[in-house]
Amino acid sequence: MVESLSDLHRAGLLAERYPDVAALLAHLPEEELVRSGRLLARLDPETVLAAHPAVPAPLVTVTGHGTLSALVPSLTAEFARHGLLARIRLSDFDSWVFDLVDPDSSLYAAGPAFALCVLDPAVVADELPAPWRVTDVERVLDEKLALVERAAAVFADAAPGGTLVLNTLPLQRELTAQLIDRRARARLGALWREANVRLLRLAEERPGVVTVDLDPLLAEGVPARDVRQSVYAKAHLSEPLLAGYAREVGQLARQSAGGGKKVLALDLDNTVWGGVLGEVGPEGIETEGSYRGEAFRRFQRVAAQLGSQGVLLAAVSKNDQEPVVKTLREHPGLALREEDFVRIRANWAPKHDNLTELARELNVGVDSVVFVDDSSFECGLVRRELPGVAVVQVDEEPALHVPRLLAEGWFDVRELTAEDVARPVRYRQEQARQDFLDGFDSLEGYLRELEVSVTLAPAAPEQYGRVSQLTLRTNQFNLTTGRLQPAEVQALAEDPAASVLAVSSSDRFGDNGLVGAVLLRRDGDTVHIDNFLLSCRVFSRGIETTVLAAVLREARESGAGQVLAAYRRTAKNGKVADFYPRAGFAEVDTHPDAAAFRHGLDPLPEPADHIRLTARFDAAPPKGSTP
């Protein structure tokens, strides 16, 4: 039986068994992870892709100022941990200006999904005169930042679908200590931090830029550099710091590939609070007033903080439901309350069954769940039965619960949208809808009384981020699984031959917000549906058929002779494989994992009669409703 990455390597099976690698790397300590990355870096990516063409394999170009070869194993391992295959291209030493500022450089010809521009303090120190003054540092910093900003502008034009990753510059004592005037030293510190602020602000100004802040890594004790490696090999950032940087990039790549999580499922006993509720009662659990109690309360506050940003909190506990709900509702020492959870599942069923049922109730994939528990048995069982769930095992030291929860950035997004913040409220509204449904004998009667309204209109600029997020995070109703960054959505919206249509809905229980998108392209008398996406929150209400009917009707009225559409099968979107055929599309081409369809626009499908639709396809104000 193969039990480790080394076993696979020795057996010559790494490429053949690449999908198994993520599980083998999941819980390795950092030193072993880097060693594993060295083994994986020897793989030919094309060999892996020949065996597993569905594995996401983003092209990553690494450029910068110093020697960066030590970054390759860490990047390779971090991508593999998330089920990705990193195709890494390492640029020549100190070639970052040529690579990024010249739109005709080989970096842009390669078309990278990610361009990592790894800068270090030597990019400034190497250009200081001897002797130097603070004004010299100020001048060089300004020159370098101007180059970075110019590079970001070129990158935005030359690689609109890519991501440029920058980083802040550690300030080394070796530089500041050369100044014996403490006021001058303070001035240098201020200038250096202002330069880092410019780097961080650049990510706010340009949606295709991400700046990795190295300060949090340094604050945890990661060394900024190895002096001998810096002096002799021009490797100006330490291997542990590069490993931490690689982890940030790996998490970014996972999110860009649609691997983000939506649900935080929390065990309660010895996870959210200290003690076993069924044994010590509400008055005996640890929540505050002691060192351990304060540690548990700190964990609760962090979970609530995540929930306030759109993460769906759920409780999954082996307990009786009534005392759990009563404790969450009434206990004065808890920072997490009943209303913070979208679901509370307290029973004696196996945890993996509860997580499966939770995902079904929330209408999300089980691989959207992060599960936190202190029991090694429960964690091991969930890992075995539900390998798509991210398992965070905590232990008897509650002070470590928070760093373990936050270590992997499971819930990170490029940009938090209003839809994210409103998500928990909307899932609670969904529970009210479910209760409403229980009062009807038929689904048809329920839908008629639900009073669904849908608006279909060109996406406004403030909606581009949400549309991008739908492409990145929607896996079930995603017809072609194309992933778009905000800059790509903007480019499509501004293309005269393309349309980005936003789908918003509401009903008697509230506003669902922007729940879908349709990406169209016009070529002569042919309209192409490049993708159709719909949030899992609004499945099975007729919204998708009504929107498609409106798109087809508009195509015919605008003089089009046909509409072409495509479907690309994944492990998660099988439920929409027949979406286009059910609407009257004929299959014109098929492959094992993809199909192409055509609609001749006669006859047109009928919209759902229970939906009130307002549709417009240009920037003009709405002209009324279509019943």
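Along the sequence shown, residues carry numbers from 1. Everything numeric here is computed off the predicted structure, so don't read it as measured data.
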| message | Under a plain distance cut-off of 3.5 Å, with no hydrogens placed, do Asn196 and Thr168 share a side-chain donor-acceptor pair? | response | no
| request: Verify whether one side chain among Gln463 and Arg466 offers a donor that lies under 3.5 Å from an acceptor in the other. | output: no
| said: If you compare all heavy atoms of Ala152 against all heavy atoms of Leu202, which two are closest, and at what distance to 0.1 Å? | reply: CB-CD2, 3.9 Å
| request: Indicate yes or no for a side-chain donor-acceptor contact from Glu78 to the backbone of Gly250 under 3.5 Å, with no hydrogens or angles considered. | output: no
| query | What heavy-atom pair brings Ala407 and Arg247 nearest, and what distance separates the two atoms? | reply | O-CD, 4.5 Å
| task | Taking atom types as modelled, find out whether Glu494 and Gln490 have a side-chain donor-acceptor pair closer than 3.5 angstrom. | result | yes
| request: Find out whether Thr163 and Arg414 are in side-chain contact, i.e. whether some heavy atom of one side chain is under 4.5 Å from a heavy atom of the other. | output: yes
| query | Using a distance-only test with no angle check, is there a side-chain donor-acceptor pair under 3.5 angstrom linking His27 and Arg81? | reply | no
| Just by distance, with hydrogens left out, do Trp348 and Asn319 show a side-chain donor and acceptor under 3.5 Å apart? | no
| task | For side chain to side chain contact (heavy atoms under 4.5 Å, CB included), just list the numbers for Leu264 and Leu312, CA-CA rounded to whole Å, side-chain angles, deciding distance to a tenth of an Å, and then say yes or no. | result | CA-CA 6 Å; Leu264 176 57; Leu312 303 177; over 6 Å; no
| Heavy-atom neighbours of Glu322 CD exceed 12 at 6.0 Å | no
| Distance-only donor-acceptor check, side chains Arg568 and Thr481, under 3.5 Å | yes
| said: Here's a test for you: under salt bridge (charged side-chain N to carboxylate O under 4.0 Å, His left out), which of Asp373, Asp395, Asp374 qualifies with Arg404? | reply: Asp395
| message | Determine whether Thr480 and Asn531 satisfy the following criterion, side-chain hydrogen bond (donor to acceptor under 3.5 Å, both in side chains), listing intermediate values before the conclusion. | response | CA-CA 6 Å; Thr480 62; Asn531 205 358; 3.1 Å; yes
| Neighbour count above 12 (heavy atom, 6.0 Å) for Arg301 CZ | no
| query | If you measure only the distance, is there a donor-acceptor pair under 3.5 Å linking the side chains of Arg616 and Thr455? | reply | no
| Would you say Glu279's side chain and Gly275's backbone share a donor-acceptor pair under 3.5 angstrom? | no
| Side-chain touch Phe532/Leu520, heavy atoms, less than 4.5 angstrom | no
| task | Compute the ring centroids of His352 and Phe371, then answer whether they are less than 6.0 Å apart. | result | no
| message | Checking Thr287 against Arg297: is there a side-chain donor and acceptor pair closer than 3.5 Å? | response | no
| message | A quick test of your reading: do over 12 heavy atoms of other residues, nucleotides or ligands sit less than 6.0 Å from CD of Glu415? | response | no
| request: Give a yes or no answer on whether the side chain of Ser468 reaches the backbone of Leu484 with a donor-acceptor pair at less than 3.5 Å. | output: yes
| query | Can Asp420 and Gln469 be counted as having a side-chain donor-acceptor contact under 3.5 angstrom? | reply | yes
| Quick one: do the Asn347 and Asn354 side chains pair a donor with an acceptor below 3.5 Å? | yes
